[in-house]
Protein chains: 2
Amino acid sequence: MTPDPLHRRIYADLEGRILSGELSPGARIPFEHELTAQYGCSRATVSKALSELAGRGLVTRRRRAGSFVAQPKAHAAFLAIPDLRAEVMERGQAYGYRLLDQKQRGPDGGAEIELAAGGPLLALTCLHSADSVPLALEHRLIALAVAPQAIKVNFQSTPPGTWLLDYEPWTEAENRIGAVEADALTARLLQIKPGAACLSVERRTWRDGQGVTRVRQVFPGDRFDLVALFSSAHAKDPSR
Amino acid sequence: MTPDPLHRRIYADLEGRILSGELSPGARIPFEHELTAQYGCSRATVSKALSELAGRGLVTRRRRAGSFVAQPKAHAAFLAIPDLRAEVMERGQAYGYRLLDQKQRGPDGGAEIELAAGGPLLALTCLHSADSVPLALEHRLIALAVAPQAIKVNFQSTPPGTWLLDYEPWTEAENRIGAVEADALTARLLQIKPGAACLSVERRTWRDGQGVTRVRQVFPGDRFDLVALFSSAHAKDPSR
DNA sequence: CGTCGTGGTATGTCTAGACATATTGATCGC
DNA sequence: GCGATCAATATGTCTAGACATACCACGACG
């Protein structure tokens, strides 16, 4: 009943025709002037709908040639990697956190020198738990040259991930997800048997090309799954 | 030297000020009419830049109130989960594929009944390899009620993931990533020792609410990492 | 004092055009 | 036949406005 904006309707119509297969990859989408006539609106409105479709990778637009249904490339998925504390609390569990070790030191190798950016590193080891069950062991390095305020933070009470999320914005990041077997120390801290399968998430973030932090989190394989739920109609738009 | 479109420059300027922390979460962004004056352009151009920022979750716009820097919610990461064949070939390795088992059967349990949508299921087991080294063991179910053409496909030569990607569009999907220990059969097929840590990726996809396929891929932990590289300036825009 | 309009304001949507730019397809010259 | 040139065309960008809509603040009324 609520009259959706026209450009949204056009967007939805075309999206439906693409996803239903009526318009298959490579097929040409009606010219803007045709859609203009069809919907009785101006070209700007049609163009807005097409721009959104292009932004979401459903269509490709080429000058002079027209707009076409894009070839499906890869499953591009939005993987939500929230702050662990927020994640645990959202599930209604009690979040626990313990700082195991904190020291300041220089970089010890190639990758760490790059991260350090000429300054010292803050190395933290901590343990996250949900309802008193160990959930993740975290090894984190923070480049103090880039995030000098980190020295003053009391990481006894604040998980470094939470603090960084709030105070140290990043511009690029890389996540590396893999499976590893728990070594003896990890197994003891996570209360699992040595050699058990664990999910390893290693994340590195940069701000304007300078490394900010590098973190490796190890989760017991039987206690944690990363879940990414998404739609190709896309879930990012808050207005829906 | 190339004069970028104005709306892009405005976008980049504001993005920079947000990511650098100059504009912190909750801060108000100059009104559109102020930006209009500042850049000497029309409101539509400013609005386009703000719309893109809003679309990417960096700002929130409210009528009457204005535009504000969004609260950082979660690290939302673009995780590219491409077709395995394309992935392997892109790395310059020889892609190998072998169909181990194919049968058509009815659903055997709760979740499968939901997937089957009243029809039979096609159950496939296959093995992917890179340079003759086993890379992943795949168990897949396809709902024939939704994708009837799958019966006619020769999965001896075409990996089901590749075929589905090309011919059966999806609208929603869920990825579940975890770590598991290899059971005896898996270990033998992947040529690893039983109990070795493996990365398990389970993906379910739907089209308009109807389940299309469910797949579980198991990768040896020491041979495969999922890597997600992204920037909060976001990598989806093909024009960059 | 509380509650219900009401007006002002900022964004949301849209129009009808303009010029710029890239690319295609055809024409022309060799 | 083949290559270079050129015009037609579709999209990209932008303008200067218009009306719609949501929201906040303030004031009037009970």
Side-chain angles (χ1 to χ4, degrees), chain A residues 1-15 18 23 25-71 234 236-240, chain B residues 1-15 17-18 23 25-71 236-240:
Chain A
M1 281 304 111
T2 60
D4 264 352
L6 226 197
H7 67 85
R8 232 174 226 318
R9 251 202 69 205
I10 301 175
Y11 175 92
D13 283 358
L14 291 172
E15 181 196 39
I18 292 170
L23 293 172
R28 82 162 312 120
I29 281 170
F31 294 121
E32 293 190 0
H33 70 83
E34 291 181 280
L35 293 171
T36 283
Q38 188 178 328
Y39 288 95
C41 65
S42 76
R43 196 167 75 91
T45 304
V46 166
S47 187
K48 178 158 188 161
L50 289 176
S51 288
E52 281 182 50
L53 284 166
R56 281 151 207 192
L58 282 174
V59 309
T60 306
R61 305 177 80 187
R62 276 188 295 142
R63 282 181 158 105
R64 153 73 198 183
S67 298
F68 303 85
V69 179
Q71 299 293 334
H234 126 287
K236 199 178 42 153
D237 192 328
S239 68
R240 291 206 174 176
Chain B
M1 280 303 117
T2 60
D4 266 352
L6 225 196
H7 68 84
R8 235 177 223 318
R9 252 203 67 204
I10 301 174
Y11 175 93
D13 283 358
L14 290 173
E15 181 196 38
R17 291 171 65 187
I18 291 170
L23 293 171
R28 83 162 310 122
I29 281 170
F31 295 122
E32 293 190 1
H33 71 82
E34 291 180 281
L35 293 171
T36 283
Q38 189 176 328
Y39 287 93
C41 66
S42 77
R43 196 167 75 90
T45 304
V46 165
S47 188
K48 177 158 191 162
L50 288 176
S51 288
E52 281 182 50
L53 285 165
R56 283 156 203 191
L58 282 174
V59 309
T60 305
R61 305 176 80 186
R62 274 189 295 143
R63 280 182 159 105
R64 151 76 197 178
S67 298
F68 302 85
V69 179
Q71 299 293 333
K236 200 176 43 147
D237 192 328
S239 66
R240 293 206 170 177

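Residue numbers begin at 1 in each chain, while the letters A, B, ... track the order of the sequences. Note that the structure is predicted; figures quoted are calculated from it, not measured.
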Measure from [atom1] on [X] to [atom2] on [N] and round the result to the nearest Å.
{"X": "R28(A)", "N": "dT24(C)", "atom1": "CZ", "atom2": "P", "answer": "12 Å"}
{"X": "R9(A)", "N": "dC14(C)", "atom1": "CZ", "atom2": "C1'", "answer": "15 Å"}
{"X": "R63(B)", "N": "dG7(C)", "atom1": "CZ", "atom2": "C1'", "answer": "17 Å"}
{"X": "H7(A)", "N": "dT11(C)", "atom1": "NE2", "atom2": "C1'", "answer": "12 Å"}
{"X": "K48(B)", "N": "dT11(C)", "atom1": "NZ", "atom2": "C1'", "answer": "17 Å"}
{"X": "R8(B)", "N": "dG12(D)", "atom1": "CZ", "atom2": "C1'", "answer": "11 Å"}
{"X": "R61(B)", "N": "dT21(D)", "atom1": "CZ", "atom2": "P", "answer": "18 Å"}

Determine the contact category for L6(B): base if any of its heavy atoms lies under 4.0 Å from a base atom, sugar-phosphate if only primed atoms, P, OP1 or OP2 are that close, otherwise nothing.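 Sugar-phosphate only.
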Looking at residues at least two apart in the chain, or sitting in another chain, which of them share a side chain to side chain contact (heavy atoms under 4.5 Å, CB included) with S51(B)?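 S51(B) satisfies side chain to side chain contact (heavy atoms under 4.5 Å, CB included) with S47(B), R61(B) only.
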Measuring only between side-chain heavy atoms, which start at C-beta, is [X] closer than 4.5 Å to [Y]?
{"X": "S67(A)", "Y": "L53(A)", "value": "no"}
{"X": "L14(A)", "Y": "L35(A)", "value": "yes"}
{"X": "T45(B)", "Y": "Y39(B)", "value": "no"}

Report the nucleotide, chosen from dT24(C), dA25(D), dT13(C), that has the shortest atom-to-atom distance to any side-chain atom of P5(A).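 Closest nucleotide among those given: dT13(C).
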Short of 4.0 Å, heavy atom to strand atom, which residues of residues 31-47 of chain A count as contacting DNA chain D?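 Result for residues 31-47 of chain A: F31(A), E32(A), R43(A), sorted by number.
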Is atom CZ of R62(B) surrounded by more than 12 heavy atoms (other residues, nucleotides or ligands) closer than 6.0 Å?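 For R62(B), atom CZ is not crowded (no more than 12 foreign heavy atoms under 6.0 Å).
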Suppose we screen for side-chain hydrogen bond (donor to acceptor under 3.5 Å, both in side chains). Which residues come up paired with R17(B), at least two apart in sequence or across chains?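 side-chain hydrogen bond (donor to acceptor under 3.5 Å, both in side chains) check on R17(B) returns E22(B).
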Which heavy atom of T36(A) sits nearest a heavy atom of C41(A), and at what distance?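 In terms of heavy atoms, the two residues are closest at CG2-O, 3.0 Å.
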Decide yes or no, distance alone: a donor-acceptor N/O pair under 3.5 angstrom between the base of dT11(C) and the side-chain of R64(B).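 No, no donor-acceptor pair under 3.5 Å.
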Nearest-nucleotide 5' precedence on DNA chain C, R62(A) against L50(B):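 The answer here is L50(B).
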